[in-house]
Asks: 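Below is the structure I would like to discuss, written out as structure tokens.
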Amino acid sequence: MIAFVSGPVAAVGPDTAVVEVGGVGMAVQCTPTTLSGLRVGQPARLATSLVVREDSLTLYGFADDDERQVFELLQTASGVGPRLAQAMLAVHSPDALRLAVATGDEKALTAVPGIGKKGAQRLLLELKDRLGEPVGRPAAAAAAPGWSDQLHAALVGLGYAPREAEDAVAAVTPQAEAALADGGSPQVPQLLRAALQTLNRAR
């Protein structure tokens with residue numbers, strides 16, 4: 001198993017970073033929050049989890065070992081694959097997920113794309129004794145960055161100027177507000193793709 005990758009960041013995309021390790025570019029799937037902390041040309045160390053399938057080898061990257069551990073624990077629940085586990089970590093921090101499971105917060109889980117009411121109930125039941133208690137304070141765990149902050153940080157991490165990032169966030173705000181009006185939550189990966197399209201048109 002590849003436990004971590006360490007080296008200069010060669011590229012950052014909407015959902016992938018490339019880290020140069022010994023002259024080889026390792027493509028690593030990451031959440032927008034993790035990507036927002038990376039800068040092209042700067043050194044980075046990502047905890048990783050290698051998912052092996054018959055037709056693919058996919059490396060998932062995380063800001064720290066705790067996030068990777070939660071990613072792997074989530075997949076012990078029935079119906080949770082690596083993509084859904086990563087989507088859960090894109091919406092909630094590890095401690096926020098622990099808090100949601102510990103308190104039976106069904107609404108927090110249904111905020112993740114692909115998890116409905118019944119799925120959330122099943123996950124709460126299956127994960128109750130697996131994730132453990134929140135490591136930090138509950139208030140800190142619940143205070144995850146808002147979608148606009150995550151999106152702005154991700155765009156700056158991709159090399160756009162703060163002002164450009166602000167304009168792109170403003171451009172996709174109606175899309176995010178529409179999701180909120182429908183009772184859902186804005187999905188940063190989709191908003192990031194839409195924001196990049198507006199920036200490409202502007203250039």
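Because the structure is predicted, anything quoted here is derived from the model rather than measured.
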Asks: When hydrophobic residues are tied together by side-chain contacts of less than 4.5 Å, even through go-betweens, does V24 share a cluster with V40?
Replies: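 Yes, because V24 and V40 connect within a single hydrophobic cluster, where side-chain heavy atoms sit under 4.5 Å apart.
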Asks: Heavy-atom distance under 4.5 Å between the side chains of P82 and Q75, does that happen here?
Replies: yes
Asks: Report the distance from atom OG1 of T173 to atom CG of L191, rounding to the nearest 0.5 Å.
Replies: 8.5 Å
Asks: May I ask whether L196 and V172 are part of the same hydrophobic cluster, defined by side-chain heavy atoms of I, L, V, M, F, W, Y residues being less than 4.5 angstrom apart, directly or through others?
Replies: yes
Asks: Would you confirm whether R98, through its side chain, and L131, through its main-chain N or O, come within 3.5 Å as a donor-acceptor pair?
Replies: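 Judged by distance alone, yes, a pair lies under 3.5 Å.
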Asks: Nearest heavy-atom pair of E126 and A77: which atoms, and what distance?
Replies: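 Closest approach of E126 to A77: OE1-CA, 3.2 Å.
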Asks: Does L74 belong to the same Ile/Leu/Val/Met/Phe/Trp/Tyr cluster as L84, with side-chain heavy atoms less than 4.5 Å apart forming each link?
Replies: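 Yes, it is one cluster - the side chains of L74 and L84 are joined through contacts under 4.5 Å.
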Asks: Check step by step if side-chain contact (heavy atoms from CB on, under 4.5 Å) holds for R39 and V9.
Replies: CA-CA 7 Å; R39 299 289 182 272; V9 178; over 6 Å; no
Asks: Hey, is the main chain of S78 close enough, under 3.5 Å, to the side chain of R122 for a donor-acceptor pair?
Replies: yes
Asks: Does a sphere of radius 6.0 Å around CZ in R45 hold more than 12 heavy atoms from other residues, nucleotides or ligands, not counting ones at 6.0 Å or beyond?
Replies: yes
Asks: Is it true that L46 and L59 fall in one hydrophobic cluster, defined by side-chain heavy atoms closer than 4.5 Å?
Replies: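 In one cluster with L46: L59, yes.
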Asks: Quick one: does T76's side chain have a donor or acceptor within less than 3.5 Å of a partner on E72's backbone?
Replies: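 No, because the side chain of T76 does not come within donor-acceptor range (under 3.5 Å) of the backbone of E72.
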Asks: Counting C-beta onward and ignoring hydrogens, is there a side-chain heavy-atom pair between D167 and T198 closer than 4.5 Å?
Replies: no
Asks: Hey, could you give me the CD/OG1 distance between Q121 and T110, rounded to the nearest 0.5 Å?
Replies: 10.0 Å
Asks: Mind listing the closest non-hydrogen atom pair of T34 and E67 along with its distance?
Replies: OG1-OE1, 3.5 Å
Asks: State, to 0.1 Å, how close P113 and V91 come at their nearest heavy-atom pair, and which atoms those are.
Replies: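 Scanning both residues, the minimum pair turns out to be CD-CG2, 4.2 Å.
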Asks: Rounded to the nearest 0.5 Å, what separation is found between the CD atom of Q197 and the CG atom of L192?
Replies: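 It is 10.5 Å, given to the nearest 0.5 Å.
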Asks: Could you walk me through whether L89 and L97 pass the side-chain contact (heavy atoms from CB on, under 4.5 Å) check?
Replies: CA-CA 8 Å; L89 285 165; L97 282 172; 3.8 Å; yes
Asks: Can you get from V21 to V12 by hopping between Ile, Leu, Val, Met, Phe, Trp and Tyr side chains that sit under 4.5 Å apart?
Replies: yes
Asks: Decide yes or no on side-chain contact (heavy atoms from CB on, under 4.5 Å) for M88 and L109, but give the supporting numbers first.
Replies: CA-CA 8 Å; M88 293 170 76; L109 294 188; 4.1 Å; yes
Asks: Rounded to the nearest 0.5 Å, how far apart are CD of Q69 and CG of D66?
Replies: 6.5 Å
Asks: Please report the interatomic distance NE2(H92) to OG1(T31), rounded to the nearest 0.5 Å.
Replies: 13.0 Å
Asks: Minimum heavy-atom separation for A90 and P32, please, with both atom names.
Replies: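 Shortest heavy-atom separation between A90 and P32 comes out as CB-CD, 4.1 Å.
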Asks: Among residues two or more places apart or on two chains, list those pairs meeting ring pair (Phe, Tyr, Trp, His ring centres under 6.0 Å) that have a residue in residues 99-122.
Replies: none
Asks: For the side chain of R68 and the backbone of A3, is there at least one donor-acceptor N/O pair under 3.5 Å apart?
Replies: yes
Asks: Apply side-chain contact (heavy atoms from CB on, under 4.5 Å) to residues Q29 and V51 and explain how you reach the verdict.
Replies: CA-CA 11 Å; Q29 298 277 325; V51 176; over 6 Å; no
Asks: Working to the nearest 0.5 Å, report the span between CD1 of I2 and CE of M26.
Replies: 4.0 Å
Asks: Kindly write out the residues that satisfy ring-ring contact (aromatic ring centres under 6.0 Å, His included) with F71, not counting sequence neighbours, or none if the list is empty.
Replies: Y60, F62
Asks: Locate the shortest heavy-atom distance separating T48 from G61; write the atom from each residue and the value.
Replies: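 Looking at all heavy atoms of both residues, the shortest contact is CG2-CA, 4.2 Å.
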Asks: Could you tell me which non-hydrogen atom of G13 sits nearest to which non-hydrogen atom of L35, and how far apart they are?
Replies: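 For G13 versus L35, the nearest heavy atoms are O-CD1, 3.4 Å.
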Asks: Are any side-chain N or O atoms of E164 and backbone N or O atoms of A161, one a donor and one an acceptor, separated by less than 3.5 Å?
Replies: yes
